[in-house]
Amino acid sequence: MKDSDNKMQNAAAYAIANIGRTALSDLTKNATDKNDNMRSNIARVLGGIGDKSAVPLLIKMLGDKQWWIRGNAANSLGKIKDEAAISPM
């Protein structure tokens, strides 16, 4: 996921989403990466995985400096449908 090519990052992110829950620790580790595209992909992929354990991280990502990352985090929270996300949104 640390490749400088955005297409490779997207491909890696979707491959990880297909792996599912086992990928959560890797995604969590990289969720604060300085690369905006990395954080954006992670926010989007977490929604695809749909695991409620990602909700606290996604809530934190609602405060990201980039609007599209905040948007991806909000969309992912909507997909997961955990009531804990209602108040922060």
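What's counted below: heavy atoms across the whole structure, side chains too, no hydrogens, waters or symmetry copies. Worth saying up front: this structure is predicted, and the values here are computed from it rather than measured.
Side-chain contact between Ile49 and Leu27: present, with at least one pair of heavy atoms (C-beta onward) separated by less than 4.5 Å. Between Lys79 and Leu58, every side-chain heavy-atom pair lies at or beyond the 4.5 Å cut-off.
Looking at every heavy atom in both residues, Ala54 comes nearest to Leu46 through CB-CD2, 3.9 Å. In plain terms, the two heavy atoms of Ala43 and Ala73 that are nearest each other are CB-N, 3.8 Å. Of all heavy-atom pairs spanning Arg70 and Leu62, the tightest one is CD-O, 2.9 Å.
Annotation: the span from Trp67 atom CH2 to Asn72 atom CG amounts to 9.0 Å, rounded to 0.5 Å. How far CG of Leu57 is from CG of Asp51: 11.5 Å, rounded to the nearest 0.5 Å. The CD1 atom of Ile69 sits 10.5 Å away from the CZ atom of Arg44 when rounded to the nearest 0.5 Å.
No donor-acceptor distance shorter than 3.5 angstrom exists from the side chain of Ser40 to the backbone of Asp36, with no hydrogens or angles considered. Within the 3.5 Å criterion, the main-chain N or O of Asp33 finds no donor-acceptor partner in the side chain of Asn30.
If you run side chain to side chain donor-acceptor pair (under 3.5 Å) between Asn6 and each of Asn37, Asn41, Asn35, only Asn37 comes through.
Counting only residues at least two apart or on different chains, the salt bridge (Lys or Arg N to Asp or Glu O under 4.0 Å) pairs with a member in residues 56-68 are Arg39-Asp64.
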